[in-house]
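To start, the structure under review is shown below, and the notes come after it.
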Amino acid sequence: MGLTSAPGEPAQYRCVGIGVGPANLSLASLLHSHPEAPHLFLDRKDSFGWHDGQQIPGATLQVSMFKDLVSLSDPTNPFSFLSYLHEQGRVYHFLNAQFSDVPRLEFRNYLAWAAERNENVAFGEDVREVGFDDGRFVVRTDRRTVTAENIAVGVGNRPWVPEHGRKLLGPTQFHISEFMDKAHGLHGKRVVVVGGGQSGAEAFLDLISRPDAERPQRVAWISRRGNYFPIDDSPFTNDFYMPSHSDYFYGLPAPDRAAFNARHILTSDGISESTLRDIYQRIYIHRFVENGSPELAGLFPNREVTGVTQGKGGTWGLAVRHNDESGDTEYYEADVVVWATGFRPAAMDFLAPIADRLEREGDELRIDEDYAVQWDGPVDRNIFVQNAAMGQRGLADPNLSLNARRSRRIADRLLGLNSDEQLASFVAWSTKEGTKVPWSA
């Protein structure tokens, strides 16, 4: 509940969260046991959702079940994935199922469970603007006005499609986020999937695996990458997703951070090896065991879509440049185009009243070590941003890996605490001026 300073005045909170995805839901879960810090988290959706349009049957998480909302910061917290399984009465069933990876729909259901049982989370309320007056943030929604000492923005990402496809989106050309709603009635049709990451792989596998009566005639998979590369999930690479490396990354010069993210993108955006194996086996069985058409699956890496035009009868024509030295252009015809081209941070238009007071670093709001935006306001009034600082915090920022740790840093700032950190990486990422390692000369 909020604290009302006087009858008729808006309810006041220690923190108001805008957006309820995994990021802010993590923070709400960590704050739930602290009634001394009243908080409220708002989302304009009518109910919780998390990649609902991409819940393709068989899709799994690419991270451990322990990388839930709270476990890596507070393993005893009642909003953990294990607590969810226990409350549902299926802990033993989950263990006996021996999942190599957590089904993505199961994890989505866990997140919805956490949102539904948290009375400080409210859906169906759209935040229109955030101002600052008399030492408090003033949050105006389509239903009410509340005030807050701090704001936590976690509005997530929005689908992204290249400009040449963006203006043509509709029933037969759509982003992967709408796959479950629109990828129907494709029997005998030609489908092009654009994007060489996990989402594109899942869409391609689903399409070529459908029963005869639902299977497209042909599915082409186009990727800018030189091949269909697996995610780098090796032990030392995963150190990039530890708190100590996140802090090291934050201290690097901006050009070095950008170069690092580009160089190591496959640690975050590669394809699960199990998915790649399933795709290869499905093509093998279709062609050599079932004697199916060799034209069902078309694999076209090292290519980039440069233009899209609408043809006769609602078909699509795609101009595709080959990225080898020749730079030749190929042409593809399709009945349906699926853009698996990722997401970009969602707009924060509600911050317009105070936008000129917030510092920026490139396309991002500049944050401090606790994810608070640097601005010209009082030092004890903060605007925290979640999942919107990959350029400053690295590839782990939009990933679930450090979700609970980032929320813990924010919660500690709100509560005036200083929680113990986990042990640092085995890897010495940085040097300390004036010190030497024991074996140096």
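Throughout, residue positions are numbered sequentially from 1 according to the sequence presented. In what follows, every heavy atom counts, from backbone to side chain, and hydrogens, waters and symmetry copies are set aside. Owing to the predicted nature of the structure, the values given are computational and were not obtained by experimental measurement.
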When the side chains of residues 152-166 are checked against the rest of the protein, which donor-acceptor pairs come out under 3.5 Å, sequence neighbours left out?
residue: His164; atom: NE2; partner: Val305; partner atom: O; Å: 3.1
residue: Arg166; atom: NE; partner: Val161; partner atom: O; Å: 2.8
residue: Arg166; atom: NH2; partner: Val161; partner atom: O; Å: 2.7

Without placing hydrogens or testing angles, list every side-chain donor-acceptor pair under 3.5 Å for residues 258-265, not counting sequence neighbours.
residue: Asn261; atom: OD1; partner: Leu395; partner atom: N; Å: 3.4
residue: Asn261; atom: ND2; partner: Met390; partner atom: O; Å: 3.1

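Between Asp397 and Arg406, at least one side-chain nitrogen of the basic residue sits less than 4.0 Å from a carboxylate oxygen of the acidic one, meeting the salt-bridge criterion. Ion pairing of Asp212 with Arg215 is present here, as a side-chain N (NZ or NE/NH1/NH2) and a carboxylate O approach within less than 4.0 Å. The pair Arg405-Asp247 meets the salt-bridge criterion, with a side-chain N (NZ, NE, NH1 or NH2) lying under 4.0 Å from an Asp/Glu carboxylate O.
With sequence neighbours excluded, the residues forming a ring pair (Phe, Tyr, Trp, His ring centres under 6.0 Å) with Tyr228 are Trp221, listed by chain and number.
Judged as a ring pair (Phe, Tyr, Trp, His ring centres under 6.0 Å), the pairs with a partner in residues 40-61 (not counting sequence neighbours) are, in order, Trp50-Phe107, His51-Phe343. Here side-chain hydrogen bond (donor to acceptor under 3.5 Å, both in side chains) pairs that include residues 285-302, with residues two or more places apart or in two chains, are Arg282-Glu290. Sorted by first then second residue, the side-chain hydrogen bond (donor to acceptor under 3.5 Å, both in side chains) pairs that include residues 307-318, not counting sequence neighbours, are Thr172-Trp316.
Seen from the ring of Phe79, Arg117 counts as a face-on cation partner, given the 6.0 Å and 45° thresholds. A cation-pi arrangement is present between Arg393 and Tyr250 under the rule of less than 6.0 angstrom and at most 45 degrees off the ring axis.
Taking the six-membered ring for Trp, Phe81 and Trp113 have ring centres at least 6.0 Å apart.
Residue His93 places its NE2 atom among 12 or fewer non-hydrogen atoms of other residues, nucleotides or ligands, all under 6.0 Å distant.
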